[in-house]
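Have a look at the structure below before the remarks.
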Amino acid sequence: MPHCLISFIQVEPGQMDKNQTEAVREFVLAGFSQTPSIEAGLFVLFLFFYVSTWVGNVLIMVTVASNNYLNTSPMYFLLGNLSFLDLCYSTVTTPKLLADFLDKEKLISYDQCIVQLFFLHLVGAAEMFLLTVMAYDRYVAICRPLHYTTVMSRGLCCVLVAASWMGGFVHSTVQTILTIRLPFCGPNQVDNFFCDVPPVIKLACADTFVIELLMVSNSGLISTSSFVVLVSSYTTILLKIRSKEGRLKALSTCASHLMVVTLFFGPCIFIYARPFSVFSVDKMVSVLYNVITPMLNPLIYTLRNKEVKSAIWKLWDRIGLPWKKQET
């Protein structure tokens with residue numbers, strides 16, 4: 001971290017002494033309701049979401065790993081890694097949310113809050129980069145089909161996946177360091193159901209204008225630039241295809257990826273690419289990209305992909321499950 005960035009968030013010695021004696025040791029997470037019966041209903045609903053996320057994404061990973069064709073295909077290799085990221089992303093926040101539905105106080109320690117914030121941005125940024133890689137994969141497959149297997153070799157795919165994780169790590173490290181350098185001496189009510197940068201730094205006992213500017217530049221730049229690259233990639237694909245039939249086929253091929261991109265990037269840009277002011281809809285938007293999208297991704301890909309559905313049925317038959325594919 002350059003020293004010029006660190007110097008922005010230094011506080012006066014006297015202020016630091018005060019903050020050390022009154023430092024916040026735990027935060028209170030905002031719930032969705034104060035009514036026990038409503039919280040119980042939400043617990044059942046979000047437990048269903050979380051179990052569905054695990055079942056769907058594990059099924060995708062096992063199917064890709066066990067099928068020789070899918071396992072050697074760059075697109076499905078990347079899809080398997082996306083499912084793993086979705087599992088990680090959902091697990092960062094949902095288990096704590098489920099526990100808080102059954103707990104009146106909804107407390108989280110300072111250290112746990114920082115750890116959650118770190119992994120949230122690590123996995124979230126890695127998924128953004130991976131979705132961008134998947135758009136490049138579709139570009140090569142459609143615009144350079146004869147060179148596809150040569151360009152998108154297994155070695156390159158592994159490097160691109162590793163680069164996505166490394167990019168997420170660098171981004172998350174910057175966000176976390178900027179956050180932990182701030183003093184927290186109260187209040188300690190986080191206006192969300194998990195620890196994220198926007199609601200947490202609002203609780204700092206210091207002027208956070210410069211920090212917010214740096215964080216918005218960092219998170220907003222990543223989400224917005226990745227989204228622009230994705231849109232440019234698909235626009236280029238459509239412009240290169242002259243026939244109407246070819247464009248419709250390309251749209252059909254990329255439709256699943258476009259839906260995933262919209263569901264993930266839309267809420268992220270709304271949350272991170274603006275000043276850290278709190279809106280009443282922020283909590284619901286957070287539910288969308290933290291809980292709902294990881295659950296929907298496997299459905300989006302399997303329902304629109306004949307190869308994945310066929311591989312799932314073959315896996316189903318191989319392990320001897322009773323349900324059989326209906327002949328059409």
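What you see below is based on every heavy atom in this structure, not just the backbone, and it leaves out hydrogens, waters and symmetry mates.
Ring centroids of Tyr272 and His121 are separated by less than 6.0 Å, placing the two rings close together.
Transitive grouping of hydrophobic side chains (ILVMFWY, heavy atoms separated by less than 4.5 Å) brings Met295 and Val51 into a common cluster. The cluster map of Ile, Leu, Val, Met, Phe, Trp and Tyr, joined by side-chain heavy atoms under 4.5 Å apart, puts Leu288 and Leu47 in the same cluster.
Exactly one residue among Val229, Ile222, Leu160 makes a side-chain contact (heavy atoms from CB on, under 4.5 Å) with Thr132. That residue is Val229.
Atom-to-atom distance recorded for Glu127:CD and Phe84:CZ is 12.0 Å, nearest 0.5 angstrom. Rounding to the nearest 0.5 angstrom, the gap separating the CZ atom in Arg154 from the CZ atom in Phe77 is 5.0 Å.
Taking the side chain as every heavy atom from C-beta outward, Cys143 and Ile237 approach each other to under 4.5 Å. In this structure, Val190 and Leu203 have side chains that are in contact, with non-hydrogen atoms separated by less than 4.5 Å. Between Thr94 and Phe49, every side-chain heavy-atom pair lies at or beyond the 4.5 Å cut-off. When side chains are defined from C-beta on, Glu212 counts as touching Ile201, because their heavy atoms get closer than 4.5 Å. You'll find the side chain of Cys195 reaches within 4.5 Å of the side chain of Leu29, heavy atoms only.
The aromatic rings of Phe227 and Phe265 sit tilted relative to each other, their planes meeting at an angle between 30° and 60°.
A donor-acceptor pair is defined here as one N or O able to donate and one able to accept, closer than 3.5 Å; no such pair exists between the side chain of Ser90 and the backbone of Asp86.
Shown here for Thr293 and Leu263, the closest heavy-atom pair between the two residues is OG1-O, 3.5 Å.
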